[in-house]
Amino acid sequence: MVGNAAAASAPRDYGHGPAAPRTSILLNTWVCICHIHLITTKPLSRLVNGAHCYLWRDESGLIHATEYYPGATTSASFSKSAMTQGTGRYTTVEAFGFVWLWYGYPEAADEGLLPDIPYIPRGGGVPRHMHSTQLFRCSAGLAIENLLDLTHADFLHSYITGDDESESDEVSVEFTSETVTMIREQKRKKTPQFMRLMGVKESHVSFRGIVHVIIRSGVAHAFGRFTPGFVSPVFAGHVGENSMQSRLNSTLHPWDSPALFKAVFPRMSPMVGKQDDVMFGPQNPRYLNPRATRDLHSPFDGAGNRYRELFGKIAARQEAGDLSYGSDAKVGGSLAELFQMKPL
């Protein structure tokens, strides 16, 4: 792998065009394209920004990712793209149970920019029931902004996370040029029904929730910790297929929780996804084409507003030909300290 990001003088023929805020995935980043266990000898089709990606295993078990359908290897059979240097073959890495696709100039691919998932072993091996794949009727940007607002769970997912009532509720936002982190701390919060079902007997709990987003890749972590109770780490790899649809490749791995919680919590993912998608459908057209009205918001919207601002800045740099990362980016370092855990 090449260790340097593309230079500021990079050519402008991006193949599928530079990304636009709210609608696309930005260039020169690792995209969480698919769960490894879903890839077989039968080609699996995926989209990234409207670009085709076919994934399959050969007879030796090696995974391939190409712009062309296997067998269609003549130059007339597929569109040669700068994303593959005209070869039709994407650069990929296998890690944490996923195939990661380098979406950008292949010569700039750098494994040091691969997002960290400290609660999933690097070699994968997480039980199958902890993985899920879901389609949302919205752009990746809307799905990510929804996750960055942890308060939406108080209303849509209260059975799992509890409602908005607590003795105190504090939100802080941290960011770099490439990441946004929302931290929410609630004291004396009524114990959610789901936690009661899982054996938490106390009437009230404390909650610390973290959402960490890597803007360019669409990767997000939602790491919750209930005290007393259990950790509920969610990895969310968003892939913008087009402006009207995104795919979520997720893994819920509460590694240090009791067996019952490990068995049941990951199975809640499809239900939560359906609840979100009910809201995404009507929201997405307004998200893509906002009206000229007052933008009323609360302090809880700080992370989403910062996400929009930083996304726009990265997109503007890329429009000008600069695909590099800033010295403060912090997209590939360990996140164990942020989540207050030891990496697996």
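Note that this is a predicted model, so its numbers are computed, not measured.
In this structure a side-chain-to-backbone donor-acceptor pair under 3.5 Å is missing from N49 to A51. Panel note: side chain K342, backbone P118; no donor-acceptor pair is recorded below 3.5 Å. Within the 3.5 Å criterion, the main-chain N or O of Y68 finds no donor-acceptor partner in the side chain of H52. Judged by distance alone, the side chain of D116 and the main-chain N or O of L335 form a donor-acceptor pair under 3.5 Å. Checked by atom type and distance alone, the side chain of R306 never pairs as donor or acceptor with a backbone atom of E174 at under 3.5 Å. With hydrogens and angles disregarded, a donor-acceptor distance shorter than 3.5 Å links the side chain of Q318 to the backbone of L27. Under the 3.5 Å distance criterion, the side-chain polar atoms of N28 are matched with a main-chain donor or acceptor of Y105. Side-chain atoms of R216 do not come within 3.5 Å of backbone N or O of V331 as any donor-acceptor pair. Counting only distance, with no hydrogens or angles, the side chain of T91 and the backbone of P106 share no donor-acceptor pair below 3.5 Å. Side-chain atoms of D328 come within 3.5 Å of backbone N or O of S177 as a donor-acceptor pair.
In this structure, Y119 and W255 have parallel ring planes: the angle between them is below the 30° cut-off, well short of the 60° mark. Classification of the F98-W100 ring pair by plane angle, with boundaries at 30° and 60°, yields perpendicular. Taking the six-membered ring for Trp and thresholds of 30 and 60 degrees, Y54 and Y69 have ring planes more than 60 degrees apart, a perpendicular arrangement.
Annotation for F175: atom CZ does not count as buried by contact number, only 12 or fewer foreign heavy atoms lying within 6.0 Å. Atom NZ of K190 has 12 or fewer heavy atoms from other residues, nucleotides or ligands within 6.0 Å.
S257 has its side chain within reach of V231: a pair of non-hydrogen atoms, C-beta onward, lies under 4.5 Å apart. Residues L113 and W102 have side chains in contact (heavy-atom distance under 4.5 Å, counting atoms from C-beta outward). Within the 4.5 Å cutoff, the side chain of V48 has no heavy atoms near those of the R46 side chain. Under the 4.5 Å side-chain criterion, counting only non-hydrogen atoms from C-beta, H212 is not in contact with F223. Proximity of S246 to F136: side-chain heavy atoms (C-beta onward) are separated by under 4.5 Å at one or more points. Proximity of V264 to F194: side-chain heavy atoms (C-beta onward) are separated by under 4.5 Å at one or more points. Looking at S139 and Y287, their side chains come closer than 4.5 Å, going by heavy atoms from C-beta outward. Contact annotation: the side chain of T29 approaches that of Y325 to within less than 4.5 Å [non-hydrogen atoms, C-beta and beyond].
Taken together through direct or relayed side-chain contacts under 4.5 Å among Ile, Leu, Val, Met, Phe, Trp and Tyr, L47 and V239 form parts of separate hydrophobic clusters. In terms of hydrophobic clustering, with Ile, Leu, Val, Met, Phe, Trp and Tyr side chains grouped at heavy-atom distances under 4.5 Å, L148 and F207 are assigned to different clusters. F265 and M271 fall within the same hydrophobic cluster, where Ile, Leu, Val, Met, Phe, Trp and Tyr residues are linked whenever their side-chain heavy atoms come under 4.5 Å apart, directly or through other members. By the criterion of side-chain heavy atoms lying less than 4.5 angstrom apart, applied directly or through intervening Ile, Leu, Val, Met, Phe, Trp or Tyr residues, V213 is grouped together with L150 in one hydrophobic cluster. Residues W56 and I33 do not share a hydrophobic cluster, defined by chaining ILVMFWY side chains whose heavy atoms lie under 4.5 Å apart.
Closest of all the heavy-atom pairs between T92 and L101 is CG2-CA, 4.3 Å. P254 and M130 make their closest contact through CD-CE, 4.3 Å (heavy atoms, listed as atom of the first residue, atom of the second, distance). Considering all non-hydrogen atoms of both residues, E165 and D163 come closest at N-OD1, 3.0 Å. R317 and S324 make their closest contact through NH2-O, 4.0 Å (heavy atoms, listed as atom of the first residue, atom of the second, distance). Nearest heavy atom pair, residue E178 against residue I314, reads OE1-CD1, 3.4 Å. Contact between S81 and E67 at its shortest, heavy atoms only, is CB-OE2, 2.8 Å.
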For this session: Determine, step by step, whether C53 and Y90 satisfy the side-chain contact (heavy atoms from CB on, under 4.5 Å) criterion, reporting the C-alpha distance in whole Å, the side-chain angles of both residues, the deciding distance to 0.1 Å, and the verdict.
Result: CA-CA 8 Å; C53 175; Y90 289 105; 3.9 Å; yes

For this session: List the steps, then state whether side-chain contact (heavy atoms from CB on, under 4.5 Å) holds for S269 with Q134.
Result: CA-CA 9 Å; S269 184; Q134 297 170 268; 3.4 Å; yes

Problem set entry | Test log, rule side-chain contact (heavy atoms from CB on, under 4.5 Å), inputs H152 and D276 | CA-CA 9 Å; H152 88 275; D276 283 326; 3.5 Å; yes

For this session: Walk me through it: do L156 and M279 pass the test side-chain contact (heavy atoms from CB on, under 4.5 Å)?
Result: CA-CA 9 Å; L156 276 184; M279 306 300 295; 3.7 Å; yes

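At a threshold of 4.0 Å, the pair R57-E94 does not count as salt-bridged, since none of the basic side-chain nitrogens sits closer than that to a carboxylate oxygen. The pair K330-E337 fails the salt-bridge criterion, with no side-chain N (NZ, NE, NH1 or NH2) lying under 4.0 Å from an Asp/Glu carboxylate O.
With values rounded to the nearest 0.5 angstrom, Q283 atom CD is found 11.0 Å from L288 atom CG. From M341, atom CE reaches atom CG of L338 across 11.0 Å, with rounding to the nearest 0.5 Å. The distance from the CG atom of L38 to the CZ atom of R128 is 8.0 Å, given to the nearest 0.5 Å. In this structure, CD1 on I215 lies 4.0 Å from CG on L310, to the nearest 0.5 angstrom. The NE2 atom of H131 sits 11.5 Å away from the CZ atom of F235 when rounded to the nearest 0.5 Å. The structure places SG of C32 at 10.5 Å from NE2 of H238, a figure rounded to the nearest 0.5 Å.
Between the side chains of S206 and T227, no donor N or O sits under 3.5 Å from an acceptor N or O.
In this structure, R122 forms a cation-pi arrangement with F96, its terminal cationic atom sitting closer than 6.0 Å to the ring centre and no more than 45° off the ring axis.
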